[in-house]
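Residue numbers start from 1 in every chain, and the chains themselves are labelled A, B, ... in the order their sequence lines are given, proteins ahead of strands.
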There are 2 protein chains.
Amino acid sequence: MPPTPSTFLNGVPELLVLRLLRDREMYGYELVQAIREASADQLTFAEGVIYPLLHTLERDGALSTRRQTINGRSRVYYAVTPTGRERFDALSAHWRALTGAIATVLEAPRHA
Amino acid sequence: MPPTPSTFLNGVPELLVLRLLRDREMYGYELVQAIREASADQLTFAEGVIYPLLHTLERDGALSTRRQTINGRSRVYYAVTPTGRERFDALSAHWRALTGAIATVLEAPRHA
DNA sequence: GGTGTATGCCTTGTGGTGATAGGTATGTCA
DNA sequence: TGACATACCTATCACCACAAGGCATACACC
C-alpha cells in the first residue's frame, strides 16, 4: 500500500554519482558510502545499484577508469570525462527545472 | 544515450494528482490538462499515465468516485478520501525530505 | 453529408531502473 | 578460527512512466 522504496528516486543515483565524481575520482565501494554520508544517511544506494550504473556510464563514455591495487585489494577508480561533465550539467539542469515546476504546483494557493 | 524522458519523475504523477484533488474534485481528462497548465507546460503526463493511476488510487481507498453525464459525455469525478489525504501528506513529506537531502549533496562545497 | 478536432473514457505492451539477494576474494582483528 | 570490513560483481524481480493504440460523442467547418 505505501509507495515503493524507490519513489522519487528515478535518476537520482546517476545524478549523485556524477556530482561526487566531479570533485574527485572515487571507486565504487567508496561511492556507496560517500552518498550515504554526504546525505546524512537519508540517501542509501546499495552496491547492486551503483556498480551497474558505473558500468553503464563508463560504456557511454561519461566515466573513465583506472585500476589500482591497494593493500592487496583491487580498486577501480572512476573519473568524469568531458562527456560526463556535460551529462551532469544537463541532468542537473533538468533536475532543477523539474523540482521547480513541481514546487510550483505543490505550493500554488489554489487550482481553479 | 541521454536519460529517458521519465528521469526524476517516478512517483510525481501520484504526488501531483493528490495535490490537485486536494483542492477540488476533478475528472481524469481534466487532470491531464490541469497538471500541464499548473506547471506552465513543464510537466505533462498523458492519459495512459493518469487513468491507471486513478484506478489504483481508487482501489487503494485513496480516492472516491462520482459519475456524472454532462452534454452527453460521461465523466468520472475523483475526490480525495481521508486515506488519500494521509497518503498525500506522507508522500509530500517524503518528497521534501528527499529533495532536501539531494540538494545538500548537490550544493555541498566539496566532498572530501 | 463528410471531415477534422476536441472531449472523455479505456487498455496493452515495453523499457528502464532501483531493489533484493545473492556470489567471490582478501585483509584485519579478536 | 571466526567474524567483519573491504571491494568487486551478477541475476532476477517489481514497479512505473511511456508509447500507441481503441472506442464513443459533441461540435465546427466546408
Side-chain angles (χ1 to χ4, degrees), chain A residues 1-18 25-37 39 42-60 63 65-78 91 94 98 102, chain B residues 1-18 25-37 39 42-60 63 65-78 91 94 98 102:
Chain A
M1 224 70 138
T4 64
S6 70
T7 303
F8 300 138
L9 292 181
N10 187 305
V12 172
E14 177 174 342
L15 180 70
L16 298 186
V17 161
L18 289 173
E25 65 173 7
M26 299 174 94
Y27 52 98
Y29 189 81
E30 185 183 12
L31 274 164
V32 169
Q33 306 171 67
I35 291 175
R36 185 160 36 78
E37 291 169 8
S39 69
Q42 295 190 75
L43 268 13
T44 296
F45 299 105
E47 302 173 20
V49 173
I50 300 302
Y51 284 116
L53 171 60
L54 291 172
H55 301 159
T56 299
L57 289 174
E58 183 192 9
R59 180 168 42 72
D60 290 357
L63 298 179
T65 62
R66 179 175 71 83
R67 271 145 228 283
Q68 187 172 3
T69 298
I70 295 188
N71 296 337
R73 293 196 202 84
S74 173
R75 291 179 180 172
V76 183
Y77 280 91
Y78 291 86
L91 257 189
H94 192 204
L98 286 182
I102 292 166
Chain B
M1 255 14 161
T4 65
S6 71
T7 304
F8 300 137
L9 292 181
N10 187 310
V12 172
E14 178 174 341
L15 179 70
L16 298 186
V17 161
L18 288 173
E25 65 172 8
M26 299 173 95
Y27 52 98
Y29 189 82
E30 185 183 12
L31 274 165
V32 170
Q33 307 172 66
I35 291 175
R36 186 158 38 78
E37 292 169 9
S39 69
Q42 293 191 77
L43 267 15
T44 297
F45 299 105
E47 302 171 19
V49 172
I50 300 301
Y51 284 116
L53 171 61
L54 290 172
H55 301 158
T56 300
L57 288 174
E58 184 192 10
R59 180 168 42 74
D60 290 355
L63 298 178
T65 62
R66 178 176 70 82
R67 270 145 229 285
Q68 187 172 2
T69 298
I70 294 186
N71 296 337
R73 294 195 202 86
S74 176
R75 291 179 181 173
V76 184
Y77 281 91
Y78 291 86
L91 256 189
H94 191 206
L98 287 184
I102 293 166

Protein and nucleotides 15-22 of chain C: nitrogen or oxygen contacts under 3.5 angstrom:
from	atom 1	to	atom 2	distance (Å)
dG18(C)	OP1	Gly11(A)	N	3.1

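Look at CZ on Arg59(B): it is 13 Å from C1' on dC16(D), rounded to the nearest Å. In this structure, CG of Leu57(B) is placed 14 Å from C1' of dC15(D), rounded to the nearest angstrom. In this structure, the CD atom of Gln68(B) is 18 Å from the P atom of dT7(C), given to the nearest Å. dC16(D) atom P lies 14 Å from atom CG of Leu54(B), rounded to whole Å. Distance Glu30(B) CD to dG8(C) P: 8 Å, rounded to the nearest Å. In this entry the distance linking CD1 of Ile35(B) with C1' of dC18(D) reads 15 Å, nearest Å. Following rounding to the nearest Å, Met26(A) (CE) and dT6(D) (C1') show an atom-to-atom distance of 15 Å. Following rounding to the nearest Å, Gln33(B) (CD) and dG8(C) (P) show an atom-to-atom distance of 8 Å.
Of the side-chain N and O atoms in Tyr51(A), none sit less than 4.0 angstrom from OP1 or OP2 of dC9(D). Within the 4.0 Å cut-off from OP1 or OP2 of dT11(C), at least one side-chain nitrogen or oxygen of His55(B) is found. Under 4.0 angstrom from either OP1 or OP2 of dA7(D) there lies at least one side-chain N or O belonging to Tyr27(A). Checking the phosphate oxygens (OP1, OP2) of dC9(C), no side-chain nitrogen or oxygen of Tyr29(B) falls inside 4.0 Å.
Among the atoms of the strands shown, only primed sugar atoms or phosphate atoms (P, OP1, OP2) are found under 4.0 Å from some heavy atom of Arg75(A).
Side-chain atoms of Tyr29(B) and Ile50(B), non-hydrogen and from C-beta on, never get closer than 4.5 Å to each other. Side-chain atoms of His55(A) and Tyr78(A), non-hydrogen and from C-beta on, do get closer than 4.5 Å to each other. Between Ile35(A) and Thr44(A) there is no side-chain heavy-atom pair separated by less than 4.5 Å. For the pair Leu18(B) and Leu63(B), the minimum side-chain heavy-atom distance is below 4.5 Å. Val12(A) is not listed as a side-chain neighbour of Leu98(B), based on a closest heavy-atom distance of 4.5 Å or more. Side-chain contact check for Asn10(A) versus Leu9(B): every heavy-atom pair is 4.5 Å or farther apart.
To the nearest 0.5 Å, atom OG1 of residue Thr7(B) and atom CD of residue Glu14(A) are 7.0 Å apart.
Which of dC8(D), dC9(C), dT6(D) sits closest to the side chain of Val76(A) comes down to dC8(D).
Remark on DNA chain D: of its neighbouring residues Arg73(A) and Arg67(A), the 5'-side contact belongs to Arg73(A), judged by nearest-heavy-atom nucleotide.
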